[in-house]
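Remarks on the structure that follows.
Heavy atoms only: backbone and side chains are in, while hydrogens, waters and symmetry mates are out. Since this is a predicted model, take the numbers as computed values, not measurements. Sequence lines set the chain letters: A, B, ... in the order given, protein chains first and strands last, and positions in each chain run from 1.
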Amino acid sequence: MSEVKYSKEHEWIKLEGDVATIGITKHATEMLGDIVFAELPEKGSNVEKDGTAGVVESTKAASDVYTPVSGEVVDTNQAIVDDPSKINQDPEDSAWFFKLKIKDQSEMDTLMNKDDYDKFAKETSV
Amino acid sequence: MNIKKTSLYQLHQENSAKFVEFAGYQMPIQYSEGIVEEHKFTRNHSGIFDVSHMGQLFIYGDENLIKDLEKIFPLDLKNLKLNHSKYSFLMDKDAGIHDDLIITKIYQGFLIILNAACKDNDFKILKELLEEKYKMVLDENRSLIAIQGPKSSQILNDIIDGVKDLNFMSGNWFSFQDHKVYITRSGYTGEDGFEISIPNDFVDKLTRELINKGSKLIGLGARDTLRLEAGLCLYGHDLNKDKTPVEANLKWAISKERISKGDFIGSDIIIKQLNNGVSKIRVGIKPEGRIIAREKTKIFNQSDVHIGEITSGTFGPSVNGPVAMGYIENEFSKKDTKVFLEVRGKKHPANICGLPFYKKSYVKGATK
């Protein structure tokens, strides 16, 4: 079973072979409120670790989505673009954002495990 | 600076409100269910809004007061009946808008509801213009709540008998457990509803009773999506000192009788703009896709020329899509004109459209 890791920008990442599935955490959706718009990176494009790779908007404001690792976008989740409320409903599973063929496996080591992330999320929430 | 709290602060906390600072007040932006649910609940049932941060200005005087106020507001105040309300503006000499407001004729005077961020400045301006001839009270001892949505009339009438017989844009004094409350049939959501001016000490009690009857507290977040769907302006965004009522497409609110005389502050500019037209005007804008164009988004025409700017934009939960309004060069203001909105460096197609985005359901006559 592959371990899920977490970034300080509140993304989760699940690695299977050399393909990583990335989304935003439940904690992130709770901070954002109702998500009403999602924009994803283009399939085939390359994204760099900590670079922007999409946007989510709530009724209140727009927020960038960052990628916690570098790689080529091999798939995107059109379902959340068509119905962004799915992101609030199931953020850490069916409402994933994009899949990357990752370049450098060692980038995973810089990320947090679940316990560390939960602690981080608790400390940083207002 | 000390952040002020309204008399409903504790009740907001009990309902898990998220607070923001707004115009110097700690105000609830949303409660636990979130903006979209709160918005829909208001449209389908009944929502309560704490708008106690807004100014309640009472001015008392005789016929001279009416004459003096007509020099300030573009309204036919001498023919405004007792307990009837009008939407209007406080303008400068160039017809720039200091504030938009609701003015109601009450016994021996007027009640003016002012925006929270403007009320102190409005008070100063009006005091100077009226040369301190009249008793003016910006009443901090009264709270203001709005109850909006199709079930509101029944809910409020169960507690304060008789309110359901009020007509739209009219009001009266009622009593809530022997306390005098002034209630108008009005609001800012595009729904039937009421605004209730009540002494601070009793607003908590009344609000809890309204909640017990099935209404729910709604935050400023949903108030914003509701008013935008209804095509209503938000001061400081859609209206400010650089815009006139004619540019804001609000000429319906200016009395024709008063325009013919032209003796109010800003009337020269208003008359000129009504005769010659304006170069920019407020319009509704509907993006074609799901992209949300927020305040300050630039608007371009088909030839990529910058022709305007969004002043309010969000996702409209009842429209189930993005909605916006903004100011655009007059020649592009016709309905169905195609424009482009620059969001995050990309241009997205949109169309000029009529307002409101969501059909109003005000009650015109009283329901028996």
Side-chain angles (χ1 to χ4, degrees), chain A residues 9-10 24-48 50-67 73 76-91 95 97-98 121-122 124-126, chain B residues 16-22 26-42 218-229 234 237 287-297 310 312-324 341-346 348:
Chain A
E9 300 290 349
H10 306 286
I24 66 171
T25 64
K26 188 164 194 316
H27 176 72
T29 62
E30 283 163 2
M31 287 191 299
L32 290 165
D34 301 308
I35 295 168
V36 293
F37 177 81
E39 194 173 85
L40 298 173
E42 275 181 46
K43 246 188 248 184
S45 66
N46 283 290
V47 291
E48 292 295 319
D50 301 329
T52 55
V55 175
V56 285
E57 296 204 35
S58 70
T59 43
K60 287 174 285 191
S63 311
D64 285 324
V65 175
Y66 299 93
T67 175
V73 180
T76 59
N77 189 359
Q78 185 60 31
I80 64 166
V81 175
D82 296 338
D83 181 6
S85 69
K86 288 196 162 98
I87 303 167
N88 290 100
Q89 289 154 19
D90 192 18
F97 277 53
F98 50 90
K122 213 172 171 183
T124 52
S125 57
V126 274
Chain B
S16 329
K18 280 189 192 172
F19 290 95
V20 288
E21 195 196 326
F22 183 84
Q26 196 81 280
M27 298 303 289
I29 184 136
Q30 66 169 80
Y31 302 87
S32 49
E33 289 188 41
I35 293 171
V36 170
E37 282 310 307
E38 290 172 27
H39 175 115
K40 289 180 177 169
F41 195 82
T42 306
I218 308 295
L220 289 184
R223 185 171 167 84
D224 192 50
T225 55
L226 288 159
R227 69 93 196 163
L228 185 45
E229 279 188 346
L234 180 62
H237 302 264
E288 284 184 3
R290 295 189 65 94
I291 198 92
I292 299 168
R294 298 187 188 271
E295 186 175 5
K296 296 200 166 89
T297 298
I310 301 284
S312 280
T314 188
F315 174 84
S318 303
V319 173
N320 192 25
V323 291
L341 310 174
E342 190 178 76
V343 179
R344 294 183 286 272
K346 270 192 239 165
H348 301 268

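Judged by distance alone, with hydrogens and angles left aside, the side-chain atoms of Arg290(B) form a donor-acceptor pair with the main-chain N or O of Val36(A) at under 3.5 Å.
With rounding to the nearest 0.5 angstrom, the CG atom of Leu220(B) is 11.0 Å from the NZ atom of Lys60(A). Taking CD of Glu38(B) as the reference point, atom CG of Asp34(A) lies at 8.5 Å (rounded to 0.5 Å). Summarising the geometry, atom OG1 belonging to Thr59(A) is positioned 7.0 Å from atom CD belonging to Gln30(B); distances are rounded to the nearest 0.5 Å.
Heavy atoms closer than 4.5 Å to chain B are found in the side chain of Val55(A), but not in its backbone. If you measure heavy-atom distances from Ala61(A) to chain B, the contacts under 4.5 Å come from the backbone alone. For a residue to count as touching a neighbouring chain, one of its non-hydrogen atoms must lie under 4.5 Å from one of that chain's; by this rule Ser58(A) touches chain B with the backbone only. Proximity to chain B (any heavy atom under 4.5 Å) is shown, for Asp83(A), by neither the backbone nor the side chain.
Between Glu30(A) and Lys18(B), the shortest heavy-atom distance links the atoms O-NZ, 3.3 Å. In plain terms, the two heavy atoms of Arg294(B) and Glu57(A) that are nearest each other are NH2-OE1, 2.7 Å.
Heavy-atom pairs under 4.5 Å with chain A peak, among Ile291(B), Thr225(B), Thr314(B), Asp224(B), at Ile291(B).
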